[in-house]
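Computed from a prediction, not measured in an experiment: that's the story for all the values here.
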Amino acid sequence: MKDINMNEVYTLFEEIKELIKKGNCKSTVIQPEIELPDLSVINELTDKFKKTIEEVRKPVRTELYHTFSIASDKVFIGVMGIICICLFCLFTTYYQRSEISNYKNSDLKYRYIKMVGGVTANELNQLENLFDNKQDSIRFIRKQVKEYEKAVVEEAKRLEKARMKELEAEQLKREAEKLKLK
């Protein structure tokens, strides 16, 4: 693009002004000679601008990378915290498992004593020693207790059936007596 000097612009305006004055005096129109700037530069800039806009509108793929380095203080502290929490959970689980095992054994002892119908202090000590040392004996006792409890449940069912039959028999006797009286 040509650089236009301000003085040249003023002179052009002055010439136009004089021509207009002369044109008013004469009825003929005189065309001034004006140099037009080169518009090809503007077209080139417009094309470049359009290309730039198209490039800006294109989606840009941005990739983010996360690095996991044990050398970082935050990562090291985080990993150590997780390890401590896991160890705490493991120890707690082990402790609770042993407690639950003790509760199960105590429950089995209570059910055995109930099955036997009571024990003396000597028999209780023997039972404690048996539970401390021998797993096979514990399995045998557990089997005996389960069979006993199953037999008790069956006996309770039989007694309930017998009671229901007695109630039904009494009701039938009452109905028979009412029929005899009528």
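Remark: Y95 OH to I100 CD1 distance equals 11.0 Å, nearest 0.5 Å. Taking OG of S106 as the reference point, atom NZ of K109 lies at 5.0 Å (rounded to 0.5 Å). Distance check: T52 OG1 to L45 CG gives 10.0 Å after rounding to the nearest 0.5 Å. For the atom pair CG (L108) and CE (M115), the distance works out to 9.0 Å, reported to the nearest 0.5 Å. Between the SG atom of C86 and the CZ atom of F91 there is a distance of 12.0 Å, given to the nearest 0.5 Å. Atom-to-atom distance recorded for L127:CG and N122:CG is 12.0 Å, nearest 0.5 angstrom.
Residue pairs meeting the salt bridge (Lys or Arg N to Asp or Glu O under 4.0 Å) criterion with at least one member in residues 59-75, sequence neighbours excluded, are R61-E63. Sorted by first and then second residue, the salt bridge (Lys or Arg N to Asp or Glu O under 4.0 Å) pairs with a member in residues 85-99 form an empty list; sequence neighbours excluded. The side-chain hydrogen bond (donor to acceptor under 3.5 Å, both in side chains) pairs that include a residue from residues 143-152 are R111-E149, where partners are two or more places apart or lie in different chains.
Residues that satisfy the side chain to side chain donor-acceptor pair (under 3.5 Å) test with R57, not counting sequence neighbours, are absent from this structure. E123 meets the side chain to side chain donor-acceptor pair (under 3.5 Å) test with no other residue; sequence neighbours excluded.
Note: the hydrophobic cluster containing I138 also contains L124 (ILVMFWY, side chain heavy atoms under 4.5 Å, direct or indirect links). Under a hydrophobic clustering in which Ile, Leu, Val, Met, Phe, Trp and Tyr are joined whenever their side-chain heavy atoms come within less than 4.5 Å, directly or via other members, Y94 and L87 fall into different clusters. Follow the hydrophobic side-chain contacts under 4.5 Å out from V116 and you never reach Y110; the two are in separate clusters. Residues V145 and V153 fall into different hydrophobic clusters, defined by Ile, Leu, Val, Met, Phe, Trp and Tyr side chains chained together at heavy-atom separations under 4.5 Å. Under the 4.5 Å side-chain heavy-atom criterion for grouping Ile, Leu, Val, Met, Phe, Trp and Tyr, F76 is connected to I83 within one hydrophobic cluster.
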Please tabulate, for side-chain N and O atoms in residues 158-170, each donor-acceptor pair with protein atoms closer than 3.5 Å (sequence neighbours left out).
from : atom 1 : to   : atom 2 : distance (Å)
R158 : NH1    : E155 : OE1    : 2.7
E160 : OE2    : R163 : NH2    : 2.7
E170 : OE1    : R174 : NH2    : 3.4

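Nearest heavy atoms, R142 versus N105: NH2-OD1, 4.5 Å. Residues Y112 and I141 share a closest heavy-atom pair of CD1-CG2, 3.6 Å.
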